[in-house]
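Below is one structure, written out as structure tokens, with a few remarks after it.
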Amino acid sequence: MGRTICMRLGLILAVVGLAMGAPSAQPGRTATVARPHVLLIVADDLGIGEVSTYGATDVRTPAIDRLGREGVRFTSAYANAPVCSPTRAALLTGQHPPMAGVPGVIRTDPANSWGALRRDVTLLPDALRAVGYRTVAVGKWHLGLEGGDHPLDRGFAIFRGFLGDMMDEYLTHRRHGINYMRDGRATVDPPGHATDIFTRWAIDVVDAHDPRTPLFLYLAYNAPHVPVQPTADALAAVRARQPGLDEKRARLLALVEQMDAGIGDVMAALERKRMLDDTLVVFTSDNGGEVPAGATNLGLRGGKPTLYEGGIRVPTIVRWPGGAFAGRTEPVAVQSMDLAPTIAAATGAALVRPDGRDLRPLLEGRPWEPRDLVFSIREGPRLGGRAVYALRRGSWTLVQQRPDAPFELFDLGRDPLQAVDRMADPDTPRAAMLDALRDFAARAEAVPYRR
């Protein structure tokens with residue numbers, strides 16, 4: 001009770017201070033900032049089994065761990081989909097991926113591309129620019145190439161990164177022999193490892209920024225997505241610490257640790273500019289870990305690209321001094337699409353009809369109304385161009401892995417590893433959940449995903 005009162009008093013004082021224009025006296029802050037800076041960090045294919053603050057014992061992630069100590073760590077956070085593009089669409093629109101026109105992976109091959117981000121949907125950077133933010137995207141885009149889909153056409157004032165779906169090599173930055181690295185609209189060919197390039201570009205943004213203008217920095221790493229190619233130094237550090245570790249696992253952890261070091265460097269840059277404690281930092285991943293690449297997902301069933309828990313459970317942390325309890329663990333289930341409405345609400349920006357919810361009540365320890373979570377994925381060779389769906393209601397989760405396969409029902413409260421299918425048990429909410437999922441699927445199927 002006392003902690004809640006103190007928390008709310010701190011929030012009230014912070015708001016009053018902003019309203020009065022009072023400069024901050026804290027060493028990690030700049031002078032008066034009308035709105036918080038925002039740093040949204042997205043890892044690629046990072047499951048909860050590859051982050052030490054979530055319980056992994058064979059990896060070292062001090063920068064992400066720090067965010068967990070100083071922010072709210074969500075232990076039942078979910079990606080909206082078990083693959084890249086749909087979740088990225090959810091992150092930047094606040095909508096269910098199929099409703100945003102991205103039910104599946106957007107690829108450089110049009111015949112095997114399963115999404116086209118709707119042009120009539122307002123993206124988070126558009127909303128933030130409207131209230132005075134400098135909007136910058138660094139890293140992996142994966143939401144379309146040129147012709148209106150470029151980040152500069154979707155609300156970002158600056159873009160330095162990779163337009164395509166994945167890199168075939170972290171050092172050459174090519175996909176099918178084509179260079180998709182861009183500085184704005186110009187094709188560039190920077191030397192070095194992609195993870196380190198994205199870190200350096202993010203630091204350049206912070207170093208050049210005037211802290212009196214609110215900043216939105218979207219930092220989307222392509223690590224630890226396959227091909228798992230850490231630097232020699234990162235791999236040597238893991239091997240020295242754990243000489244008997246499986247080679248595949250060692251390479252994956254080395255790439256994660258390389259990314260984590262970069263996150264730490266970006267945080268240090270914010271501290272040098274006295275911006276960190278005026279910054280809302282969000283860290284998440286686009287889907288669960290890929291088991292064939294060495295991910296464990298802490299023993300959860302499945303992984304990318306399945307709709308089992310291992311494919312959609314992701315690390316998610318929010319650090320916001322004055323706006324969130326420090327060091328708190330939040331068990332309420334949330335989704336990727338909740339992050340955009342949360343950022344919009346925290347900054348005074350306006351998103352148009354988001355499906356996600358503002359997470360500030362959870363950040364502040366206030367009551368939260370339960371709701372269903374829906375997941376989906378459309379795919380070509382694996383699913384025949386069709387979609388499959390899943391739904392979580394309370395502790396129950398309804399899952400379909402193939403369009404022609406029966407649904408499975410699990411009680412995560414008693415069966416977190418999804419080992420016992422309860423679909424044949426009449427004493428379950430299966431009928432109501434099936435009805436809800438079919439209603440969602442009917443609406444999703446009506447939205448075009450190709451132009």
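His193 places a side-chain N or O within donor-acceptor distance of the main-chain N or O of Gln229, the cut-off being under 3.5 Å. Remark: the backbone N or O of Pro292 is not paired with any side-chain donor or acceptor of Glu290 at under 3.5 angstrom. Listed for the Gln418 side chain is a donor-acceptor partner under 3.5 Å among the backbone atoms of Glu309. Proximity of a side-chain donor or acceptor of Gln400 to a complementary backbone N or O of Arg402 within less than 3.5 Å is detected. For Gln258 (side chain) and Thr231 (main-chain N/O), a donor-acceptor pair under 3.5 Å exists by modelled atom type. Within the 3.5 Å criterion, the main-chain N or O of Met167 finds no donor-acceptor partner in the side chain of His173. Between the side chain of Arg73 and the backbone N or O of Thr53, at least one donor-acceptor pair lies under 3.5 Å. No donor-acceptor pair closer than 3.5 Å links the side chain of Arg60 to the backbone N or O of Glu257. A donor-acceptor contact shorter than 3.5 Å links the side chain of Arg35 to the backbone of Thr347. Judged by distance alone, the side chain of Asn80 and the main-chain N or O of Pro97 form no donor-acceptor pair under 3.5 Å.
The distance from the CG atom of Leu373 to the NE2 atom of His96 is 8.5 Å, given to the nearest 0.5 Å. Taking CG of Leu300 as the start and CZ of Arg313 as the end, the distance is 5.0 Å to the nearest 0.5 Å. Summarising the geometry, atom CG belonging to Leu391 is positioned 4.5 Å from atom CE belonging to Met433; distances are rounded to the nearest 0.5 Å. Taking CG of Leu307 as the reference point, atom OG1 of Thr397 lies at 8.5 Å (rounded to 0.5 Å). Atoms CG and CH2, on Leu383 and Trp114 in that order, are 9.5 Å from each other to the nearest 0.5 Å. A distance of 12.5 Å separates CG in Leu434 from CG in Asp439, rounded to the nearest 0.5 Å.
Across Asp286, Asp45, Asn297, a single residue satisfies side chain to side chain donor-acceptor pair (under 3.5 Å) together with Lys304, and that is Asp45. When each of Arg357, Arg392, Arg393 is checked for a salt bridge (charged side-chain N to carboxylate O under 4.0 Å, His left out) with Asp372, only Arg393 meets the rule. Remark: of the listed residues Val59, Thr61, Asp260, Thr61 is the sole one forming a side-chain contact (heavy atoms from CB on, under 4.5 Å) with Val51.
Here the side chains of Arg382 and Ile377 are in contact, with some heavy-atom distance below 4.5 Å. Residues Leu398 and Trp396 fail the side-chain proximity criterion, which asks for heavy atoms closer than 4.5 Å. By the 4.5 Å heavy-atom criterion applied to side chains, Leu215 and Met275 are counted as neighbours. Side-chain contact between Arg134 and Val205 is present, with at least one heavy-atom pair separated by less than 4.5 Å. Counting heavy atoms from C-beta outward, Leu39 and Val206 have side chains that stay 4.5 Å or more apart. The side-chain heavy atoms of Val282 and Trp320, taken from C-beta on, include no pair separated by under 4.5 Å. By the 4.5 Å heavy-atom criterion applied to side chains, Ile343 and Leu124 are counted as neighbours. Side-chain contact between Phe410 and Tyr308: present, with at least one pair of heavy atoms (C-beta onward) separated by less than 4.5 Å.
Between the side chains of Thr187 and Asn179, no donor-acceptor pair is found at a separation under 3.5 Å. Side-chain contact, Thr135 with Tyr218: no donor N or O sits under 3.5 Å from an acceptor N or O.
When all heavy atoms of Leu128 and Ala349 are compared, the pair lying nearest together is CD2-CB, 3.9 Å. When all heavy atoms of Ser285 and Ala79 are compared, the closest pair comes out as O-CB, 4.5 Å. The nearest pair of heavy atoms linking Leu117 to Ala89 is CD1-CB, 4.2 Å. Summarising the geometry of Leu363 relative to Gly323, their closest heavy-atom pair is CB-O, 3.7 Å, with the distance given to 0.1 Å. When all heavy atoms of Val374 and Gln335 are compared, the pair lying nearest together is O-NE2, 2.8 Å. Scanning all heavy atoms of the two residues, the minimum distance from Pro125 to Arg154 falls at CG-O, 3.3 Å.
Taking a cutoff of 4.0 Å between a charged side-chain nitrogen and a carboxylate oxygen, Glu50 and Arg249 qualify as a salt bridge. Ion pairing between Arg69 and Asp65 fails under the 4.0 Å rule for side-chain N and carboxylate O. For Asp44 and Arg88, the salt-bridge test passes: some basic side-chain N is under 4.0 Å from an acidic carboxylate O. Residues Lys140 and Asp165 are not paired through a salt bridge, judged by the lack of any N-O separation under 4.0 Å between the basic side chain and the carboxylate. Residues Asp358 and Arg360 are paired through a salt bridge, judged by an N-O separation under 4.0 Å between the basic side chain and the carboxylate. With respect to the salt-bridge test (charged N to carboxylate O, under 4.0 angstrom), the residues Asp204 and Arg160 qualify. With respect to the salt-bridge test (charged N to carboxylate O, under 4.0 angstrom), the residues Asp109 and Arg107 do not qualify. The pair Asp153-Arg185 counts as a salt bridge, with a side-chain nitrogen and a carboxylate oxygen less than 4.0 angstrom apart.
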Going through the checks in order, is the salt bridge (charged side-chain N to carboxylate O under 4.0 Å, His left out) test met by Arg200 and Asp207?
CA-CA 10 Å; Arg200 184 171 70 248; Asp207 287 345; over 6 Å; no
Full working for side chain to side chain contact (heavy atoms under 4.5 Å, CB included) between Thr87 and Thr284
CA-CA 11 Å; Thr87 297; Thr284 192; over 6 Å; no
Test side chain to side chain contact (heavy atoms under 4.5 Å, CB included) on Leu245 and Arg251 and set out the steps.
CA-CA 10 Å; Leu245 194 62; Arg251 297 182 69 84; over 6 Å; no
Could you go through Leu217 and Val138, starting from their C-alpha distance and side-chain angles, then the distance that decides it, and tell me whether this counts as side chain to side chain contact (heavy atoms under 4.5 Å, CB included)?
CA-CA 7 Å; Leu217 174 54; Val138 171; 4.0 Å; yes
Quick one, Leu255 with Tyr221, criterion side chain to side chain contact (heavy atoms under 4.5 Å, CB included). Give me CA distance, side-chain angles, the key distance, then yes/no.
CA-CA 11 Å; Leu255 188 53; Tyr221 284 101; over 6 Å; no
Determine, stepwise, if the pair Glu445 / Arg386 fulfils salt bridge (charged side-chain N to carboxylate O under 4.0 Å, His left out).
CA-CA 10 Å; Glu445 296 288 339; Arg386 298 163 67 187; over 6 Å; no
Could you give me the CA-CA distance, side-chain angles and deciding distance for Lys273 and Asp210, then say whether salt bridge (charged side-chain N to carboxylate O under 4.0 Å, His left out) is met?
CA-CA 9 Å; Lys273 290 294 291 278; Asp210 181 349; over 6 Å; no
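Relative orientation of the His150 and Phe159 rings is perpendicular, given thresholds of 30° and 60° on the angle between their planes. The aromatic rings of Trp201 and Phe198 lie tilted to each other, with the angle between the two planes from 30° to 60°. Taking the six-membered ring where the residue is Trp, Phe375 and Tyr78 present tilted rings, their angle falling between 30° and 60°.
Counted within 6.0 Å of CZ on Arg414, heavy atoms from surrounding residues, nucleotides or ligands total 12 or fewer; the atom is thus considered open.
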